[in-house]
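Each remark here refers to the structure printed beneath this line.
Since the model is a prediction, treat every value here as computed from it, not as a measurement.
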Amino acid sequence: MKQRVFDSHIHIIDPAYPLVTINGYLPQTFTVEDYLRQVSELGVTAGAVVSGSFQGYDQGYLAGALERLGPSFVGVTQIPVSVSDAELQYLNSKRVRGIRFNLKRGGSEGVEHLKSFALRVYEVVGWHVELHVESRALAELQETLIALPAVSIDHLGLSRAGLPLLLKLAEKGVRIKASGFGRVDFDVSEALKQIFA
């Protein structure tokens with residue numbers, strides 16, 4: 001049987017949609033076609049397309065990418081706290097399944113809205129909240145995160161210094177996304193073993 005892979009963190013950067021420079025950063029183009037070409041030999045059959053800070057609150061690129069990738073792909077988006085319930089339901093119909101707070105680079109809603117917004121979207125559409133954050137910065141959010149119904153932290157929390165706190169959160173049910181291996185400052189295989197344990 002051919003290996004099947006779920007790609008847990010995909011960024012699609014399509015210049016046909018608006019892009020925003022955040023802190024001097026604007027990524028190179030990486031379209032759905034580029035992605036499919038790059039993973040063609042890897043057995044990827046499903047995945048999660050994640051909105052980056054450079055996409056602001058644009059939903060057009062995400063809906064378009066999910067449509068082209070097919071029904072086994074889902075989205076994690078950035079949306080403002082002012083989003084209506086009807087808009088949440090619409091995005092849910094397009095297979096969006098989470099909201100992202102980019103606490104590291106910005107470009108998303110602020111952390112002051114984390115608890116209320118996470119609870120609202122979970123109640124309305126059952127989505128999780130995903131944080132792009134260095135784990136060493138999570139100490140003041142620890143109690144909030146543990147109390148939320150569905151949370152993930154991407155790129156293994158990025159930081160060796162925050163790994164002990166990340167492991168405490170994992171013990172309490174916070175999901176840790178195995179992604180961004182080139183972005184972390186620690187041994188990935190050892191960290192994965194500790195998280196699994």
Side-chain angles (χ1 to χ4, degrees), residues 5-111 113-114 117-118 120-122 124-133 150-156 158 175 177-183:
V5 175
F6 181 90
D7 188 342
S8 67
H9 200 98
I10 308 157
H11 288 300
I12 299 295
I13 301 101
D14 189 331
Y17 298 94
L19 294 172
V20 180
T21 301
I22 300 289
N23 299 325
Y25 177 72
L26 192 65
Q28 294 180 347
T29 296
F30 189 70
T31 65
V32 167
E33 291 71 30
D34 294 328
Y35 173 74
L36 292 173
R37 196 166 32 255
Q38 191 170 76
V39 301
S40 63
E41 301 299 319
L42 300 179
V44 173
T45 59
V49 180
V50 179
S51 291
S53 57
F54 42 82
Q55 282 151 328
Y57 296 137
D58 175 62
Q59 305 303 317
Y61 101 90
L62 185 55
L66 292 173
E67 184 176 333
R68 292 200 309 261
L69 287 166
S72 61
F73 285 79
V74 297
V76 177
T77 194
Q78 296 182 153
I79 46 179
V81 72
S82 60
V83 67
S84 69
D85 287 359
E87 289 171 292
L88 290 173
Q89 296 287 2
Y90 169 77
L91 291 171
N92 194 62
S93 76
K94 296 294 182 184
R95 297 192 314 279
V96 174
R97 297 296 182 259
I99 58 169
R100 190 178 199 222
F101 281 76
N102 192 328
L103 305 183
K104 179 170 173 55
R105 187 171 279 137
S108 69
E109 269 300 356
V111 70
H113 298 295
L114 175 61
F117 201 18
R120 179 177 163 228
V121 298
Y122 187 81
V124 174
V125 284
W127 296 353
H128 73 284
V129 63
E130 179 171 309
L131 302 181
H132 179 52
V133 61
V151 180
S152 72
I153 296 170
D154 65 16
H155 306 330
L156 298 167
L158 297 167
R175 307 239 175 186
K177 190 186 278 190
S179 63
F181 295 169
R183 299 180 179 196

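Other residues, nucleotides and ligands place no more than 12 heavy atoms under 6.0 Å from the OH atom of Y90.
Contact of the K177 side chain with the V50 side chain is registered, since non-hydrogen atoms from C-beta on lie closer than 4.5 Å. You'll find the side chain of F117 reaches within 4.5 Å of the side chain of V83, heavy atoms only. Side chains of V44 and Q38 form no contact here, defined as non-hydrogen atoms less than 4.5 Å apart. With a 4.5 Å cut-off on side-chain heavy atoms, L156 and R183 do not count as touching. A heavy-atom distance below 4.5 Å is found between the side chains of L36 and L69. Using a 4.5 Å heavy-atom cutoff, the side chains of H132 and R100 are in contact.
Between T45 and S72, the shortest heavy-atom distance links the atoms O-OG, 2.6 Å. Residue A48 comes nearest to S8 through the heavy atom pair CB-O, 3.6 Å, listed as atom of the first residue, atom of the second, then distance. Between T29 and D34, the shortest heavy-atom distance links the atoms O-OD2, 4.1 Å.
In summary, the side chains of S51 and Y61 do present a donor paired with an acceptor at a separation below 3.5 Å, with no hydrogens or angles considered.
Although no hydrogens or angles enter the test, the distance criterion places no donor-acceptor pair under 3.5 Å between the side chain of W127 and the main chain of I99.
Atom-to-atom distance recorded for Q59:CD and K94:NZ is 12.0 Å, nearest 0.5 angstrom. Note that CZ of F73 and CZ of R97 are 14.5 Å apart. Values are rounded to the nearest 0.5 Å.
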